[in-house]
Peer 1: 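Below is one structure. I have some questions about it.
Just the heavy atoms: all of them, side chains too, but no hydrogens, waters or symmetry mates, feed the values below. All residue numbers in this chain count up from 1 along the given sequence.
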Amino acid sequence: QVQLMESGGGSVQAGGSLRLSCAASGIIVNTLAMGWYRQAPGKQRELVARIGSFGSTNYADAVKGRFTISRDNAKNTLYLQMNSLKPEDTAVYSCNTKYYANDYWGQGTQVTVSS
């Protein structure tokens, strides 16, 4: 079975850092395109960062230069390093992948950034 489990969220002051993890089972993260999404209260879910099957990365304009997406094949885990956090980064963050035409999502992890 495919399962994604996020962790690493929490509360942090503006300017702080967090590293989110997405542990995967049933898939090999290094072989798939994966992404981090977030949804803030009253807002639509948006793509934050994506890493392609060959390692290319893309970031939302709002997080460029502050967030880094990466993966560790040995741990079969996707990461999102978030630096210089801003209150507007507050959201539930979820990881996602498409596998055999199906979307898979983790449960999400809450990130709260206070000013």
Peer 1: Please determine whether side chain to side chain contact (heavy atoms under 4.5 Å, CB included) holds for the pair Ile27 and Tyr104, giving the CA-CA distance in whole Å, both sets of side-chain angles, and the decisive distance to 0.1 Å.
Peer 2: CA-CA 10 Å; Ile27 60 169; Tyr104 294 91; 5.9 Å; no

Peer 1: Can you measure from CZ (Arg71) to OG (Ser21) and round to the nearest 0.5 angstrom?
Peer 2: 15.0 Å

Peer 1: Set out, in order, the CA-CA distance, both residues' side-chain angles and the distance that settles side chain to side chain contact (heavy atoms under 4.5 Å, CB included) for Thr77 and Val29, then state yes or no.
Peer 2: CA-CA 7 Å; Thr77 298; Val29 300; 5.9 Å; no

Peer 1: Is Ile69 reachable from Tyr99 through a run of I, L, V, M, F, W or Y residues, each pair having side-chain heavy atoms under 4.5 Å apart?
Peer 2: yes

Peer 1: If you compare all heavy atoms of Pro87 against all heavy atoms of Ser114, which two are closest, and at what distance to 0.1 Å?
Peer 2: CG-C, 4.4 Å

Peer 1: What I'd like to find out is whether the side chain of Arg38 reaches to under 4.5 Å of the side chain of Glu46, using heavy atoms alone.
Peer 2: yes

Peer 1: Lys64 and Asp61: salt bridge (Lys or Arg N to Asp or Glu O under 4.0 Å), yes or no, with the steps?
Peer 2: CA-CA 5 Å; Lys64 285 181 179 177; Asp61 288 342; 3.0 Å; yes

Peer 1: How long is the straight-line distance from CG of Leu20 back to CZ of Phe67, given to the nearest 0.5 Å?
Peer 2: 8.0 Å

Peer 1: With rounding to the nearest 0.5 Å, note down the distance linking CZ in Arg66 to OG in Ser17.
Peer 2: 10.0 Å

Peer 1: Distance check, rounded to the nearest 0.5 Å: Ile28 atom CD1 versus Thr97 atom OG1?
Peer 2: 11.5 Å

Peer 1: Quick check: closest heavy atoms across Arg50 and Ala33, and the distance to 0.1 Å?
Peer 2: NH2-CB, 3.3 Å

Peer 1: Is the number of heavy atoms from other residues, nucleotides or ligands under 6.0 Å of Leu47 CG greater than 12?
Peer 2: yes

Peer 1: Going by heavy atoms in the side chains, are Glu6 and Trp36 under 4.5 Å from each other?
Peer 2: yes

Peer 1: Nearest heavy-atom pair of Ser70 and Ile51: which atoms, and what distance?
Peer 2: CA-CD1, 4.4 Å

Peer 1: At what distance, to the nearest 0.5 angstrom, does CG of Leu80 lie from OH of Tyr93?
Peer 2: 7.5 Å

Peer 1: Does any N or O in the side chain of Gln39 come within less than 3.5 Å of the main-chain N or O of Ala91, such that one atom is a donor and the other an acceptor?
Peer 2: no

Peer 1: Give a yes or no on whether Tyr59 and Leu78 share a hydrophobic cluster (residues Ile, Leu, Val, Met, Phe, Trp, Tyr; joining criterion: side-chain heavy atoms under 4.5 Å apart).
Peer 2: yes

Peer 1: Would the number of heavy atoms belonging to other residues, nucleotides or ligands and lying under 6.0 Å from CD of Gln110 be above 12?
Peer 2: yes

Peer 1: Restricting to non-hydrogen atoms, name the atom on Met82 and the atom on Leu85 that form the minimum distance, rounded to 0.1 Å.
Peer 2: CB-CD2, 3.8 Å

Peer 1: For Tyr37, check ring-ring contact (aromatic ring centres under 6.0 Å, His included) against everything at least two apart and list the hits.
Peer 2: Trp105

Peer 1: Taking all heavy atoms of Ser94 and all of Gly108, pick out the closest pair and write down the distance.
Peer 2: OG-CA, 3.5 Å

Peer 1: So, does Tyr79 use its side chain to make a donor-acceptor pair with the main chain of Thr68 at under 3.5 Å?
Peer 2: no

Peer 1: Yes or no on side chain to side chain contact (heavy atoms under 4.5 Å, CB included) for Met34 and Leu4, after CA distance, side-chain angles and deciding distance?
Peer 2: CA-CA 11 Å; Met34 301 187 71; Leu4 304 174; 4.0 Å; yes

